[in-house]
Number of protein chains: 2
Amino acid sequence: MPSEPEIALGRVTPALRHESLFSERAANIKQSAVRDVFDLSLDPSLVSLAGGNPYLQSLPLDKLGAMASELIIEHGMTALQYGGGQGTPELRAQICEVMAEEGILDADPANIVVTTGSQSAQDVACKVFCDPGDTILCEDPTYVGALNTFEAYQARVEPIPTDEHGMIPAELAKRIAELRAAGATIKLLYTIPNFNNPSGITLCAERRPQIMEICREANILVLEDNPYGMLRYTGDPILPLRADYPDDVIYMGSFSKILAPGLRIGWALVPEHLQRRFYLASEAVTLCPPTFNQMLISEYLKHHDWRGQIASYRDLYAGRCAGMLDSLAEFMPESVSWTRPEGGFFVWVTLPEGIDTYPLLAKAIDAGVVFIPGAAFSPADTPSNKLRLAFSAISADKIHEGVRRLAPVLREAIEAR
Amino acid sequence: MPSEPEIALGRVTPALRHESLFSERAANIKQSAVRDVFDLSLDPSLVSLAGGNPYLQSLPLDKLGAMASELIIEHGMTALQYGGGQGTPELRAQICEVMAEEGILDADPANIVVTTGSQSAQDVACKVFCDPGDTILCEDPTYVGALNTFEAYQARVEPIPTDEHGMIPAELAKRIAELRAAGATIKLLYTIPNFNNPSGITLCAERRPQIMEICREANILVLEDNPYGMLRYTGDPILPLRADYPDDVIYMGSFSKILAPGLRIGWALVPEHLQRRFYLASEAVTLCPPTFNQMLISEYLKHHDWRGQIASYRDLYAGRCAGMLDSLAEFMPESVSWTRPEGGFFVWVTLPEGIDTYPLLAKAIDAGVVFIPGAAFSPADTPSNKLRLAFSAISADKIHEGVRRLAPVLREAIEAR
């Protein structure tokens with residue numbers, strides 16, 4: 001609180017007056033490094049390997065446009081009106097069909113909550129389960145947006161070591177024991193098991209039940225975030241964690257990567273015994289998800305070959321991923337390594353130890369290319385010798401050019417070490 | 001935690017196992033009484049005076065349909081893609097024009113954050129300012145959705161007495177002093193100054209600076225929720241609180257009542273010194289508001305006479321309000337009184353003291369009419385002799401029939417007292 005003399009002098013700015021009003025959690029709410037770079041990536045002179053935007057050009061825009069128009073003209077009274085807080089029954093039933101494609105065969109529409117993108121599902125999960133100081137486990141590295149959401153709830157986020165097969169079960173068990181011994185209250189494990197953002201790594205089939213049994217034994221609920229699951233373009237599909245553990249997993253899906261992120265429609269499939277609280281918490285945030293957007297997606301799923309559309313995305317992203325891997329092989333210095341994703345949008349590049357990729361970003365921008373430094377994907381924001389390259393949004397030619405521009409920046413850093 | 005013998009007996013249900021995982025706040029997240037009634041009001045044999053849905057029939061649906069179609073076909077790559085977390089620059093500039101109609105002339109698009117309905121703006125405000133146990137002041141009665149949101153943050157909600165001119169400044173000052181003396185940390189005052197939901201009452205011009213000065217003196221930030229402000233159909237317009245107190249008010253607006261709630265687009269105009277934290281907190285919840293919905297509203301504002309559309313809404317609701325007031329005068333027992341709103345969607349009906357309107361709801365439903373009991377609009381859910389009647393969604397004929405059905409239910413309760 002400002003002192004009396006300050007007030008007398010008229011020196012109290014609104015910012016000073018209101019400083020004491022912020023919640024404790026407000027200090028934890030930070031700018032996402034990805035967002036900073038997102039703005040940059042709009043500069044057309046730069047090749048952006050930063051943003052993980054999906055490729056939308058192949059969508060049936062004429063058809064979608066006609067559906068939107070008909071929805072408003074024929075069903076505007078419903079589409080433009082308030083709807084139920086849980087989402088429309090039709091879309092929830094269709095979401096069950098979408099999840100069946102991934103091997104979740106027992107989902108009940110009653111246990112689905114439609115959300116404003118799956119980001120909002122993460123927010124609601126925190127609201128329902130995390131008190132300040134509670135611990136959430138995640139992969140190291142993990143999705144920067146989830147980190148921002150978790151930190152806004154003053155959760156402690158503890159990264160678990162991963163290798164090329166995903167989170168390491170022994171490391172998970174060890175870390176849980178250590179954290180518990182130190183008095184931590186571990187509530188959730190957040191995982192992107194398929195084609196992780198940012199690493200592109202997939203949790204192998206063998207480890208999935210191991211991870212689940214460790215969490216179940218430790219009474220930790222699993223948040224399975226699977227936006228990229230249907231975008232596998234090589235290797236055998238692996239069942240989601242949710243498939244065999246319906247009581248222990250909140251499964252989060254999204255139409256952002258298989259249809260359109262601009263509609264902001266995601267969902268959570270919640271264990272029946274947790275459904276009510278999850279749904280009410282979601283309602284307390286947004287009242288209801290946008291009716292029109294839900295109905296448009298329902299029309300699309302009903303009247304378009306969405307499976308064929310996803311198959312065409314798979315082919316497209318497979319080509320871009322191959323282009324990325326070939327370009328990396330062509331241009332990268334010998335001491336640089338990278339992941340070989342079987343799906344999704346991202347490759348994770350590792351430089352020799354001791355190099356921090358964050359200061360390299362400015363040099364890369366000078367060279368005409370943008371990436372996301374690895375530090376963004378860890379809770380501590382500690383210096384990292386990794387970086388994320390996205391291949392989803394631009395053509396193989398542009399990817400080639402971007403990697404060509406990036407290589408000398410990395411080479412110089414390695415030589416200067 | 002379940003005991004070892006329980007585990008040995010295999011008696012541990014998932015619900016039991018996970019009970020310890022809920023956050024403290026989860027227990028505060030309740031079913032909205034309005035929502036229960038909302039489901040009921042879909043029964044076509046009932047006359048619903050419950051739901052405050054806006055009337056959408058007069059919208060230019062053909063035009064909106066054509067705009068939606070063109071947006072997707074011509075600008076789908078932008079409209080269906082991720083956008084900025086703060087909302088599109090175009091819509092934020094247009095929102096300034098909308099607010100100028102209400103007398104806010106100095107709004108800067110940079111200080112606007114577009115949200116998933118204004119409900120989400122309330123959620124973000126709590127996130128940024130309220131720690132568990134902090135106090136939020138509000139009108140008695142107030143919007144049930146805001147109560148649900150505030151309680152999800154474990155805020156203490158303290159209703160301030162109102163009369164026919166809105167919140168009573170002397171009561172506000174007195175309550176602040178009492179609460180402070182009892183050790184409360186008061187962060188926010190939440191108010192719907194125009195045509196309050198549920199009471200229909202408007203805070204008179206004379207009291208507005210008084211309320212603001214009391215809050216400023218006490219260092220309490222004001223959340224001004226003004227979804228109905230442009231729907232004034234009688235009396236002189238009154239400047240929003242925000243107009244003269246730009247540093248001390250977070251102003252919340254919405255397209256739900258002036259265009260379409262199914263698009264879920266609202267906004268907050270945030271004092272410059274609070275903008276960054278508010279925006280980042282909003283981004284942590286939803287990443288970005290739906291791009292397509294924002295662009296559709298921009299097209300509508302650009303190419304349609306939206307002021308004329310609002311004027312026609314005003315005429316329509318004025319007629320329905322008159323129908324409601326006439327019907328009440330015709331049918332209500334003498335000991336019943338009600339408010340005479342100058343705008344908005346609601347009339348607030350007061351029965352003699354000692355009558356609880358909640359048990360009357362079941363009888364009203366038997367008689368073929370639905371209302372919302374007054375208890376829903378107070379934080380304590382204490383028995384109330386009030387009830388809310390909405391006149392926004394149905395014709396004057398139906399309103400007349402609904403009030404005709406309601407009257408004997410109330411009469412019987414009064415006689416049985």
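In what follows, chains carry the letters A, B, and so on, assigned in the order in which the sequence lines appear, proteins first and then strands, with residues in each chain numbered from 1.
- Summarising the geometry of B:Lys187 relative to A:Phe22, their closest heavy-atom pair is NZ-O, 3.6 Å, with the distance given to 0.1 Å.
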Would A:His18 and B:Leu274 satisfy side chain to side chain contact (heavy atoms under 4.5 Å, CB included), going step by step from the backbone distance to the final call? CA-CA 8 Å; A:His18 291 148; B:Leu274 304 173; 4.2 Å; yes
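- A distance of 5.0 Å separates CD1 in B:Ile73 from CG in A:Asp62, rounded to the nearest 0.5 Å.
- Ranking A:Gln294, A:Arg216, A:Gln154 against chain B, the residue ahead of the rest is A:Arg216, based on heavy-atom pairs under 4.5 Å.
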Decide side chain to side chain contact (heavy atoms under 4.5 Å, CB included) for B:Leu56 and A:Gln81; before the verdict, give the C-alpha distance in whole Å, the side-chain angles of both, and the deciding distance to 0.1 Å. CA-CA 8 Å; B:Leu56 302 175; A:Gln81 192 54 275; 3.6 Å; yes
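- By the 4.5 Å heavy-atom criterion applied to side chains, B:Leu61 and A:Glu74 are not counted as neighbours.
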Chi angles and distances behind the side chain to side chain contact (heavy atoms under 4.5 Å, CB included) call for B:Thr149, A:Val285: CA-CA 7 Å; B:Thr149 299; A:Val285 177; over 6 Å; no
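- Applying the salt bridge (Lys or Arg N to Asp or Glu O under 4.0 Å) test to residues at least two apart or on different chains, the pairs with a partner in residues 118-130 of chain A are A:Asp123-B:Lys127, A:Lys127-B:Asp123.
- Residue with the most contacts toward chain A among B:Ala68, B:Ser120, B:Ala146: B:Ser120 (heavy-atom pairs, distance under 4.5 Å).
- Remark: B:Asn148 CG to A:Glu283 CD distance equals 7.0 Å, nearest 0.5 Å.
- Remark: A:Ser20 OG to B:Phe129 CZ distance equals 10.5 Å, nearest 0.5 Å.
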Go through it in stages, so that I can follow the logic: the residues are A:Tyr153 and B:Arg25, the test is side chain to side chain contact (heavy atoms under 4.5 Å, CB included), and I'd like the CA-CA distance, side-chain angles, deciding distance and then a yes or no. CA-CA 11 Å; A:Tyr153 282 88; B:Arg25 80 175 73 77; 3.7 Å; yes
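- Residue A:Leu147 does not touch chain B at all, counting heavy-atom pairs closer than 4.5 Å.
- Considering only heavy-atom pairs separated by less than 4.5 Å from chain B, the leading option among A:Arg276, A:Glu272, A:Glu151, A:Met67 is A:Arg276.
- At a 4.5 Å heavy-atom cutoff, the contact between A:Pro54 and chain B is made by backbone and side-chain atoms alike.
- In this structure, the side chain of B:Ser69 does not engage the main chain of A:Ser69 through any donor-acceptor pair within 3.5 Å.
- Judged by distance alone, the side chain of B:Arg264 and the main-chain N or O of A:Thr286 form a donor-acceptor pair under 3.5 Å.
- A:Ala27 touches chain B through backbone and side chain together, each having a heavy atom under 4.5 Å away.
- Top candidate by heavy-atom pairs under 4.5 Å with chain A, chosen from B:Leu71, B:Thr291, B:Val128, B:Asp134, is B:Val128.
- Only the side chain of B:Leu296 comes within contact range of chain A, with heavy atoms under 4.5 Å apart.
- In terms of heavy atoms, B:Ser23 sits closest to A:Cys130 at CB-N, 3.6 Å.
- Heavy atoms closer than 4.5 Å to chain A are found in the backbone of B:Ile186, but not in its side chain.
- If you take CD1 on B:Ile72 and NZ on A:Lys63, they are separated by 13.5 Å, rounding to the nearest 0.5 Å.
- For a residue to count as touching a neighbouring chain, one of its non-hydrogen atoms must lie under 4.5 Å from one of that chain's; by this rule A:Gln57 touches chain B with backbone and side chain alike.
- In this structure a side-chain-to-backbone donor-acceptor pair under 3.5 Å is present from A:Asp131 to B:Glu24.
- Taken from CD1 in A:Ile29 to OH in B:Tyr279, the straight-line distance is 13.0 Å, to the nearest 0.5 Å.
- To the nearest 0.5 Å, the span separating CG on B:Leu80 from CG on A:Leu263 amounts to 5.5 Å.
- For a residue to count as touching a neighbouring chain, one of its non-hydrogen atoms must lie under 4.5 Å from one of that chain's; by this rule A:Leu259 does not touch chain B.
- At a 4.5 Å heavy-atom cutoff, the contact between B:Ala15 and chain A is made by backbone and side-chain atoms alike.
- The greatest number of non-hydrogen atom pairs below 4.5 Å with chain A, out of B:Ala281, B:Cys126, B:Pro14, B:Gly117, is found for B:Pro14.
- Taking a cutoff of 4.0 Å between a charged side-chain nitrogen and a carboxylate oxygen, B:Arg17 and A:Asp248 qualify as a salt bridge.
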